[in-house]
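To keep things clear, I will list the structure first and then write my remarks on it.
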Amino acid sequence: MAVYALTGFSLVSLLSFGYLSWDWMKPSLVADVATDPMEKSPPPTFTRPPHIIFILTDDQGYHDIGYHGSDIQTPTLDRLAAEGVKLENYYIQPICTPAAPHHHCFPLALPPGRYQIHTGLQHSIIRPRQPNCLPLDQVTLPQKLQEAGYSTHMVGKWHLGFYKKECLPTRRGFDTFLGSLTGNVDYYTYDNCDGPDVCGYDLHEGEDVAWDQSGKYSTFLYAQRVSKILASHSPKEPIFIYVAFQAVHTPLQSPKEYIYRYRSMGNVARRKYAAMVTCMDEAVKNITWALKKYGYYDNSVMVFSTDNGGQTFSGGSNWPLRGRKGTYWEGGVRGIGFVHSPLIKRKRRTSWALVHITDWYPTLVSLARGNLSNVQGLDGYDVWPAISEGKESPRTEILHNIDPLYNHAKYGSLEDGFGIWNTAVQASIRVGEWKLLTGDPGYSDWIPPQTLTNFPGSWWNLERLTDGLRKSVWLFNITADPYERYDLSEQRPDVVRSLLMRLVHYNRTAIPVRYPAENPRAHPDFNGGAWGPWATEDEGEEWEGGRESLKSRNKKKKKCKICKLRSFFRKLNTRLMSNRI
């Protein structure tokens, strides 16, 4: 457990920022428009499928929005949330490896509506050189919306695998795509390095490399693209736009005029991070204005969500929640979320209905009047009645994750798990008001807002974890104790056993982990200097479902000298999956 680690913080604080080189979107541009994009309109009648805009931000901390008491300015998000429904019992999924703060999380649960254990992607992330992607046999959200007659578009960060063309956004349900395929690109140059001397360009238009867009700040570029899509489409036809901002993930880069607003912040990383959040807020303002201008707004549903907790060593803050990005503590799995729509029946309120990111799949497909009867194995629920009308949420529990390959906790055992669960295994579940964690949940401190010049000084040390290092089981009444300060595992062994049984239940439904060895053929040098697909369709088939047929294996032996090494890692992963739980 990385309790004492502080190394690496100074590195991100030294990252340079770029400069805005074009003037099509100045900070005050939208304010100069005569028509207020968010002025009140009469509630329309819900007579046809609504336009759906889903906005996802990357690594934005729970504390890093104005209405959570932040020192960061987010006037657009604050107003949209205030006029809609704030989701204050909203959870996302921890995809990152907790011990590796440089890993990049992604919204895996959103496209398929399933927990990670039901996709095979419950361990870590999809690395750029791995022959891996979202299982091709799982129907995605945009594919279901296409079936319902929607035009579907994606702008931003994909990060769901691209080793073969069948994995690309345009093959998984999106009519158009502009964005990056990997998880960590420069905001201006769109370069991404996956290790020493393994660097390449990563900005794509459809299935082609968008070399001509280099130099444009991604947050503005993506907002501009959304406006162009809306301008060229008819508001009489339903449209789905998924906007996955790169912001506010590292590298910490922002146009200098945004940084200037926070010049009084002593912490350099926090200053740059704050500038990126406010810049993203301006981009959302432009998107909202475009919805109004081109006639979509009155029949639209806008969903705003974060993908995971903030990275506290890179300027983010989850205060007063415990933990950070990549952990199973509330700071890693509890997200910022709200819905803004003229179609909501009970607006201007805060909802405490239990909602999980997997719920968007059935909720949005139902809103689109799509067909869910032929979709099996969904873990999400239709929560629109809870959001729009204030009804009780159909959800009563959340499996945060079970990761059988993550480092086992030193002090965990099957005995500690009442003989039914090995508590060394990293897992977490919430049932009703109770939350259970086993194994190593990840970095577990409470980290106050990083605004002091001498951070991490004595103030931060007051909140450092001082006990629990020899534990492998934690239990919290998360309703009464949302900050996870009072472990009740010893006082309520009956509840611990009950929740362990739920973990056992879910684990029986898990599919084998998909985490193949990296392939050297993925190097951008073999693709003209850009990241992109490298495997043929025949080569890709052997990885689907985590198994390899005898025929494809023999074919592979003739084509590639490293097939034996790949086979070894596949068998090793399967064996670890079977033996560790």
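Residues satisfying the side chain to side chain donor-acceptor pair (under 3.5 Å) test with Thr74, not counting sequence neighbours, are Asp78. Take Lys165 and apply the side-chain contact (heavy atoms from CB on, under 4.5 Å) test, not counting sequence neighbours, and it matches Leu168, Arg171, Glu207, Pro533. Residues satisfying the side-chain contact (heavy atoms from CB on, under 4.5 Å) test with Glu205, not counting sequence neighbours, are Leu178, Ala210, Arg225. By the side-chain contact (heavy atoms from CB on, under 4.5 Å) test, His118 pairs with Arg114, Tyr115, Asp379, Thr509, sequence neighbours left out. Applying the side-chain contact (heavy atoms from CB on, under 4.5 Å) test to Ser227 and every residue at least two apart in sequence or in another chain returns Ala290.
One finds no salt bridge joining Arg322 and Asp445 here, because no Lys/Arg side-chain nitrogen approaches an Asp/Glu carboxylate oxygen to under 4.0 Å. Between Arg261 and Glu282, at least one side-chain nitrogen of the basic residue sits less than 4.0 Å from a carboxylate oxygen of the acidic one, meeting the salt-bridge criterion.
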Q | Ile241 vs Ile229, side-chain contact (heavy atoms from CB on, under 4.5 Å): CA-CA, chis, key distance, verdict | A | CA-CA 9 Å; Ile241 304 180; Ile229 292 172; 4.0 Å; yes

Q.
Between Val284 and Met280, does the side-chain contact (heavy atoms from CB on, under 4.5 Å) criterion hold? Intermediate values first, please.
A. CA-CA 6 Å; Val284 173; Met280 177 271 296; 3.9 Å; yes

**Q.** Stepwise side-chain contact (heavy atoms from CB on, under 4.5 Å) check, Ser70 with Ile65
**A.** CA-CA 6 Å; Ser70 178; Ile65 192 166; 5.7 Å; no

Q.
ring-ring contact (aromatic ring centres under 6.0 Å, His included), that's the test. Do His400 and Tyr91 meet it? Break it down for me.
A. CA-CA 9 Å; His400 292 303; Tyr91 288 86; 5.5 Å; yes

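The neighbour count for Asp212 CG, taken as heavy atoms of other residues, nucleotides or ligands under 6.0 Å away, is above 12.
Relative to the ring axis of Phe313, Arg324 places its NZ or CZ within 45° and under 6.0 Å from the centre. No cation-pi contact links Arg270 to Tyr273, judged by a cut-off of 6.0 Å to the six-membered ring centre and 45° from its axis.
Using cut-offs of 30° and 60° on the angle between ring planes, the pair Tyr296 and His233 is parallel. Ring geometry for Tyr242 versus Phe174: interplanar angle under 30°, hence parallel rather than tilted (30 to 60°).
Of the residues listed (Asn184, Asp186, Asp202, Thr182), the one engaging Asn192 in a side-chain hydrogen bond (donor to acceptor under 3.5 Å, both in side chains) is Thr182, and it is the only one.
Pairing each heavy atom of Gln60 with each of Ile336, the nearest pair is NE2-CD1, 3.9 Å.
Legend: disulfide (SG to SG under 2.5 Å) pairs involving residues 114-144, not counting sequence neighbours, sorted by first then second residue: Cys133-Cys167.
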